[in-house]
Protein chains: 2
Amino acid sequence: MTKRTPLAAAFHEAKYQVPGNGPRNVQVLKNVLEGLDGSLDSDHYGTGELIEQFQSEMAALVGKETAVFFPSGTMAQQIALRIWSDAKGSRKVAYHPLSHLEIHEQDGLKELHHLEPVLLGEADRLIRLDDVTGMGDDVACLLLELPQREIGGELPAYDELEAIAAYCRGKGIKLHLDGARLFEILPYYGKTAAEVCALFDSVYFSFYKGIGGIAGAILAGDESFTTSSKVWKRRHGGDLIALYPYFLSGRYYLEQRLPRMAAYYAQAVALAAMYNGCAGVKTKPAVPVSNMFHVHAALPAERLEAILIALYKETGIGLTSYLRATGESSCSFEVSVGDSLGRIPQAELARAFEWLAARLREEA
Amino acid sequence: MTKRTPLAAAFHEAKYQVPGNGPRNVQVLKNVLEGLDGSLDSDHYGTGELIEQFQSEMAALVGKETAVFFPSGTMAQQIALRIWSDAKGSRKVAYHPLSHLEIHEQDGLKELHHLEPVLLGEADRLIRLDDVTGMGDDVACLLLELPQREIGGELPAYDELEAIAAYCRGKGIKLHLDGARLFEILPYYGKTAAEVCALFDSVYFSFYKGIGGIAGAILAGDESFTTSSKVWKRRHGGDLIALYPYFLSGRYYLEQRLPRMAAYYAQAVALAAMYNGCAGVKTKPAVPVSNMFHVHAALPAERLEAILIALYKETGIGLTSYLRATGESSCSFEVSVGDSLGRIPQAELARAFEWLAARLREEA
């Protein structure tokens, strides 16, 4: 059986957890069902009032003609790229070197769809307009991930995004949004989801990042695109007889948390400032542009782990459940702000960071 | 929005429904969750105590070393055939002309995995030993579906099954069980699931046929097989962050309904006899060998539809929600016996069939 590391155990035993929306447990689903009428008919292989109504609402939310619910973003995005590839008759698709498709999907895009990714820009920075204008017109589709998660959740300036979209449109290159965290970026841009999505030909967003649902994703675009996506969904084995446990949870937590995205963003900015006040610690981005950021520490993972376990026991506040070694004497972790942070009394949080800052001064 | 046909509407409005386990609605999930502790941790991308424990139980149930939970059988079976194909270095896989892979999956096996199916035997009958011995040794895997659903749920004699398995083993051809309805055939064969599965190198079974769960499937085999299957599950987009709504329901209904499979089978035999007592109506098989059979009527679908709607209104008993035209003056439908049939008072069911038999005599 999979076991928790000592750091994860200490994190979960702490009275408060800083990141996330609370434990991912069965209660998350129970909350959704308690308010629902048992006589509601299941969806049936993608049809039925419940799923069709939901998909219409989601299409309207992102300003697209149609939307299809998928069990996962992995499935939805491979399919989006495949459709645009087939439409242009080119296997080339472009994305960031640290795109989810490149590093987290066991090469499904290549193994199942035989697409040929063009890795655009460099691993430690965003894709820029000059990367795009230099990539060649034979690319069928450019995928942009907003925010770029693996570099801490960075965002391009909105006018650069508009310039990239205009360039692609002019060249007949489709633009696809990896919007796993689409709603999390709207407060920074000061735009609606539909405004951002209008720059893209197709859009994916997830229900279990900031929204905190159980699983599932939306793929949206025009009608011929989503019609094709349903054929590929069946081929992938994603056209389940019933998907309602996921999309009903998605709707429930979307309604709850969309209005809170601005607060998560503001709290992330304040939290990052607390981290940056500690010796040897830097956040990336220095000032977050969404509810997420990465924390980089100039300490070996084992040293920081011992400090964190002591911190959690001393203050009752858990900062992270894991550390990733990034070198012999450096490590990092990701923070996403959700409901949990707001539940911690300010004074207790401040005390925890004072404790941490003092302890890290001793290390320095 | 998708709308019910008049026949489906009359079926659902009837006091009793003959096939199935009751309505597929949100209550099916509510039943499962009512007895569960909300603090149970979600699974996490295929790991965690809840899913690992469940998979161990399912492996034991079918007598295999390991088992992996999949969101769908479509995904699980394509992956099984791909693994055996790669292992042998041959793209050829053999199955029945009406296999689910051939007619219900939008050619996912060909489009995603580029496998080359050998359609074995003929559409209207089972695969026989002589089909297998004649198919050529370069086939990587033979898939057998037990029971063969599209021809009404027929089964080979058990000794023929053993002979096919022995032949394949001798020739280095892997044998995969499409056991969508595995538990439904055990009473007829008088075998345990592990005994039947011992004939096969890999096994799939479903949680939403006779078991009546929400969705999901098990793929079982030896450890190297299931380890590969997890890589492909990720590639397909099926390695969801959480699958517990499905496998917890699967376990709940499995516990409830495994002990009832013998009763469903006996009831199916009795029900088929009632259909066969009506003029112009024949079931396939004539005597069921599982909980399912097909009903074929020598009447145009529109004529039978009108008769059935009248029957449902007159007697309060719904026989089927749909009809499939099989010719200008013939049609058919599938019947699977579950919990619903046992809830109907015998006298009311008998009266409904008397009404139907009388009405069909007038038509003849």
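By convention in this document, chain letters (A, B, ...) are assigned in the order of the sequence lines, proteins followed by strands, and residues within each chain are numbered from 1.
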For this session: Kindly say whether B/Gly237 contributes a backbone atom to a donor-acceptor pair with the side chain of A/Ser72 at under 3.5 angstrom?
Result: yes

Exercise. Where on A/Asp43 is there a heavy atom nearer than 4.5 Å to chain B: the side chain, the backbone, both, or neither?
Worked result: neither

For this session: Of all the heavy-atom pairs spanning B/His236 and A/Met75, show the shortest one and how long it is.
Result: O-CE, 3.3 Å

Exercise. Can you tell me how far CG of A/Leu29 sits from CG of B/Leu33, rounded to the nearest 0.5 angstrom?
Worked result: 4.5 Å

For this session: Please flag which part of A/Leu248 lies under 4.5 Å from any non-hydrogen atom of chain B: side chain, backbone, both or neither.
Result: side chain

For this session: Please look at A/Leu112 and chain B and tell me whether the side chain, the backbone, both or neither of the residue comes under 4.5 angstrom of a heavy atom of that chain.
Result: both

Exercise. Chain B heavy atoms under 4.5 Å from A/Glu34: which part of the residue, side chain, backbone, both or neither?
Worked result: backbone

Exercise. Is it the side chain or the backbone of A/His44 that comes within 4.5 Å of chain B heavy atoms, both, or neither?
Worked result: neither

Problem set entry | Engaged part of A/Pro23 at the chain B interface, taking heavy atoms whose separation is under 4.5 Å | neither

Problem set entry | Side-chain heavy atoms of B/Trp232 within contact of A/Glu111, under 4.5 Å | yes

For this session: Using atom types as modelled and distance alone, determine if a side-chain donor or acceptor of A/Arg234 lies under 3.5 Å from a backbone N or O of B/His104.
Result: yes

For this session: With a 4.5 Å cut-off on heavy-atom pairs, point out which of B/Leu240, B/Asp107, B/Leu109, B/Thr74 contacts chain A the most.
Result: B/Leu240

For this session: Examine whether an atom of A/Tyr246 lies under 4.5 Å from a heavy atom of chain B, and if so say whether it belongs to the side chain, the backbone or both; otherwise answer neither.
Result: side chain

Exercise. What's the spacing between A/Arg24 CZ and B/Tyr244 OH if we round to 0.5 Å?
Worked result: 7.0 Å

For this session: Check the surroundings of atom CZ in B/Arg324: do more than 12 heavy atoms from other residues, nucleotides or ligands lie under 6.0 Å from it?
Result: no

For this session: Measure the CG-CG distance between B/Leu36 and A/Asn25 for me, rounded to the nearest 0.5 Å.
Result: 11.5 Å

For this session: Taking heavy atoms only and a threshold strictly under 4.5 Å, list by residue number the residues of residues 208-215 of chain B that touch chain A; give 'none' if the list is empty.
Result: B/Tyr208, B/Ile214, B/Ala215

Problem set entry | A/Asp41/B/Arg4 salt bridge by N-O under 4.0 Å criterion | yes

Exercise. Taking A/Arg235 for the side chain and B/Gln106 for the main chain, is one N or O donor matched with an acceptor at less than 3.5 Å?
Worked result: yes

